[in-house]
Structure formats: C-alpha cells, structure tokens
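These notes concern the structure reproduced below.
A note on names: the letters A, B, ... follow the listed sequences, proteins ahead of strands, and every chain is numbered from 1.
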Amino acid sequence: MQRSLTIDPEKCTGCLQCEMACSFENEGNFNPSKSRIKVFTFHEEGRFVPYTCTQCDEAWCMQACPVDAIKMNFTTGAMEVNEQTCVGCKVCTIACPFGTVNYNVDTGKVVKCDLCGGDPACATACPTQAITYVDASATGLDKMRVWASKTDNAQATT
Amino acid sequence: MKHLIIGAGPAGVVAAETLRKLDKNASITILGDEPEPPYSRMAIPYLLIDNIDEQGTYLRKDQDYFKTQSIDVVVGRAESLDPVNKTVKVAGGDALPYDKVLVATGSRPIKPPVPGIDHEKVTSCWTLEDARKITSGIQQGAPVVLIGAGFIGCIILEALVSAGADLTVVEMGNRMVPRMLDEKCGSLLETWCQNKGVNVMTSTTVTAIEPSGDRVLVKTSDGAEVEAELVISAAGVKPNADFLEGSGVKLIDGGIEIDEFMQSSVDGVYAAGDVAYGRDFSTGEFGIQAIQPTAVDHARLAANNMHKHGSIRHRGSVLMNVLDTMGLISASYGQWEGVEGGDSAELLDENNFRYIQLQFDQDRLVGANTLGLTQHVGVLRGLIQGKFHLGHWKQKLMDNPLLLMEAYLAATQAS
C-alpha cells in the first residue's frame, strides 16, 4: 500500500521538531535551515503550516531535469534526486511550482523530500500528529492536487 | 504510424518517449546531426568545470535505453522536407519517410558580423565538440575574451576562470544578461564578477579580431585592444529552421509558426522547443522562448497531438530562467520587466548581492527577478501560473517581497 505525508496545519503548534528531525536524518545535524520540510508562521492568525513536497503526479521537477537525475521510487512513490547524476543546474528548482525543490550551495546539488525512503522522520517526530504518513488514498492532499492541475499549461480538449 | 523527429535534444527525446507511451507499435525515429548520443547542452558548463564527464551530459544514461524503447536514433543532418511525398532528405543519404514529423532542431549560435570571427582561435560554446575545444584551448594564465554576457556567457564564467583563464567579457548591452535581468540585477552581477577578477566591459562591442603571432588581437568599440589565446563567441542563438526553406512551412522571426496543437502551417509537420514560435503563458502572444522547461512542455504536447491531432491544446509556457554566475544565482520569471499600470515591489541588499523584485498586474503576480535566492524560488512560478488574486497579501508582498511562500500558502490553503 503506497502511503503519503498528510499535513493538518490545524494541529501544528510550530514546535519545529519536524525540521530538526528532517535535518538530522538527511544532513546528519540539527540545522533547520537544511530541512526539506518547513513550517511557515502566520503570526497574525497564530497559525503554523508545515510544508513540503507532495510527490505530485505531474512531477515538474522530474520533467524539467535535463540529465535524468530525478526518478520515481516505485516503492514509496517519491521523486528522488540522484546526487551522482545531478549537475546542479537548478532548472528543477524554478520548474517546481510548489517551491519544494531547493539548491544546496554547499553540495552544489538540489535537495527535495524523498519520504526518507518510506519512513519519514518528520512524521515520526511530530508530537501532535499534524504530520502523518498514511494510506495515500485517504490523504488530504487533494487541495494541492486540484491546484496543481491549474498550473498545467496543457488543456485536454476532450 | 511512422513518427520522425528531427533533433536529438530534450524536445526530441521527450517527444519520442511520449509517443512510445501513447503507441506501443508506432515506428519512432530520432534524427540528430551530432555523433554523440542525445545529450543536454544545459550540462556543458558542468563538463567544462570538470564536475561530470561527457557521459554525465547524456539525456538518458543507460546506453541501451533507446534500443529498449524501440526508438531508432539516426545520425544525420536534415537537408530538406518534402510535405507532398512526406519525406525528409538527409544530407549525403536517403530520404526518410514519415506520417507525422516533429521539427525539434533547436537553435544554433549567432555569428556576430565581426571581421575575423572565422579565425581558428574563435569558438562558440554550444556543442560537446565546442566544449572539447574550449577545455584544450585554455592554459593557466591564458588571456581569453568572451563575446557576450548573456545566459551562456555567464553560466560558463566560473569554468573559464577556474581553468585559469585571464578573462575579459565584452557585452553589447548596458548590463550583464540584459534579456533576463533588470538593470539593478544585471549591474550587481557585473560588480560580483569584477570583484572576482573578471574584466567586464558593458555597452561595448567587438569590432575586429586580428591575427597576432600565436594569438589574436580583439579590438573593441571603445578603442581597447585585448590579446587572446582563445575567443569564445556567445552572442546569442537563432532557430535552426533554414532547411525548411521551400517546404511551405511558415516561419516567423526564423522560428516555426505553430498553432495551439503545436502544428505548423503544413499538415502533419509539428514543431517543439527552441525552433518553435510558441505561445507565452503570460502574454498570450507567440514567440521564441528557447528554454529547457518550455522545450519539454512543447515536446509532450506535440507528441500527444501527433498521436491524436487535437487532443491537447497548448495554453502557453511560462518564461523562466535560472543562472549561476560564479556562484551568484539569479532567476527570472514571466513579465519581469513589468506591465503597464502594474505595481512593483523590490528589496535590495547591495552589500550581500541579494535582490528581489516582483511585478504585479492589479493583485496578481506576473513576473519577478531574484538574485542570491535559492530557497522556494519555484513558488514564483506557482503564483504566476496559478494567477491567484492575492487580495491583502499583495500589500504584504509590497512591504516584504520575501513573504512569497506565505502569500502562496494563504492563496492555496485558505479555508
């Protein structure tokens, strides 16, 4: 059963443990600026919104890559960056309309969420279940998916 | 069904793959005029700087890939197209038959009209062969002149400098990358390069290239004379459509006029990528974008319509570019020059080479330039292409253009 990250901003307290866990899992240190999941703060509303790649079907990053460095992991459904192949051209970072592929100046490669190979550290670390890793068919990603279709530059005529 | 694709760049390869997904039995042939397997010109800067080898530039890495997809890759240059007999004549070879043909021949470097431009010390930077010539032509301390500080010129600066070149850049425009970056952005980039020891001459043209012993002497419009071991000409590109002369395929500004189904003025002849005069998302107007994401968009759409004409309509591609010039990253989107009557917002940190400007049409984002921004840049595309009415978030962005992600989340996740 394929699973995906589900984010419920209503439950987020802004504790940033997801960012810490992501950074530690992927970079080996606690550096939220290197995290692939980000919590955005809306001070006036007292609202926190954790945000990362939805592994969208359109996969603009994968389509835009000129050297075939982004591929789908068929087990997890995640689009993964092959660091050996990535040349660091950054075309994927501008092609992703969600802004969830970023360039890492230190490595000269791009980074994005890869669902930690099927055991996302952010979901494990989240104390309030604002981030969960559940059956893909039951998630609330629909809003973003619907929006994703708006970004498509093609229009089916039938 | 016999599909012929002329051009082995990203547009050609993506079109072939898309056609294969749509039709398991179709005959699919890619005709390319370079001897290497299909490769990406986008990767050449990283080859020049030695981060990858030539294989690293290949569009698909598995050497049997095209064979396993039953896609024939043929080396040869298209000489002419005969839409009556539905054939494409290959130089020094046969006429290849087709039912549907895609012209994805890309573009080629413009040769500036300068006396001496054909000297053997002058090269373009476009093909793998050019890359080899550049790599072998630069020794430590060698004086090198780069004509043009456009996208290609800027993206190879770091490779040239790290190879030891003593570099002079001559740019006709009043700033670096004038077709992608606004005045502030381009000027900051110039300062950045000067600080790194590159001699940048803007508002200057090369007037002559003359032999001078083992080197050449490059003369400029402001009277300067610069000796060079190697001259790299990166003065822009133009569509590769000359071979269509006499075919009846209509050209505009040298590119192929296409309709919303990616078909040219001739039935069964489609175009994609740098050679296609396609629709721009922001303006709705047609023109040549010559960028990687657009080439791939075009290819996917053209392939669908080659398979079943009329199946998918092209609504236009968003103009977008990202450029790394000696470590300073710039990006541009959509109508970055602004629109009539529209507001703009900007934030500048000159000392740290950081800059962002946003362009609005009423309360929608329509364009942007950024310098030194590497996080969440893509959301600019999301905001532009989603055509979101930003409401009160427009004012927040006017006050602080860096609140892009917040504005985007507010627009998309509002309950």
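For F42(A), the part sitting under 4.5 Å from any heavy atom of chain B is the side chain, from C-beta outward, and nothing else. Contacts between I329(B) and chain A at a heavy-atom distance below 4.5 Å involve the side chain alone, from C-beta outward. The part of C65(A) that comes within reach of chain B is its backbone (N, CA, C, O), which places non-hydrogen atoms under 4.5 angstrom from that chain. For V110(A), no part lies near chain B; criterion is any non-hydrogen pair under 4.5 Å. For N321(B), the part sitting under 4.5 Å from any heavy atom of chain A is the backbone (N, CA, C, O) and nothing else. No part of Y39(B) comes within reach of chain A, as not one of its non-hydrogen atoms sits under 4.5 angstrom from that chain. Both the backbone and the side chain of E406(B) come within less than 4.5 Å of a heavy atom of chain A.
Going from atom CG of D68(A) over to atom CG of L59(B) covers 8.0 Å, rounded to the nearest 0.5 Å. How far NZ of K38(A) is from CG of L409(B): 13.0 Å, rounded to the nearest 0.5 Å.
For the pair R381(B) (side chain) and I94(A) (backbone), a donor-acceptor distance under 3.5 Å is absent.
Environment of CD in Q129(A): sparse, with no more than 12 heavy atoms of neighbouring residues, nucleotides or ligands closer than 6.0 Å. Atom NZ of K71(A) has 12 or fewer heavy atoms from other residues, nucleotides or ligands within 6.0 Å. Other residues, nucleotides and ligands contribute at most 12 non-hydrogen atoms within 6.0 Å of the CD atom of Q63(B).
Aromatic ring centres of H376(B) and F40(A): separated by under 6.0 Å.
The heavy-atom pair separating Q63(A) from V296(B) by the smallest distance is O-CG1, 3.4 Å. Nearest heavy atoms, V87(A) versus Y46(B): O-CD2, 3.2 Å. Of all heavy-atom pairs spanning K90(A) and V322(B), the tightest one is O-CG1, 3.5 Å. The two residues S40(B) and V67(A) come nearest to each other via the heavy atoms CB-CG1, 4.4 Å.
When C61(A), C89(A), A64(A), G88(A) are compared by the number of non-hydrogen pairs under 4.5 Å with chain B, C89(A) comes out ahead. If you tally non-hydrogen atom pairs under 4.5 Å between each of V91(A), N104(A), V101(A), T100(A) and chain B, the highest count goes to V91(A). Comparing I52(B), N51(B), D324(B) by heavy-atom pairs within less than 4.5 Å of chain A, the highest count is held by D324(B).
Identified by a heavy-atom distance below 4.5 Å to chain B, contributing residues of residues 15-33 of chain A are lacking entirely.
Proximity of K61(B) to Q84(A): side-chain heavy atoms (C-beta onward) are nowhere separated by under 4.5 Å.
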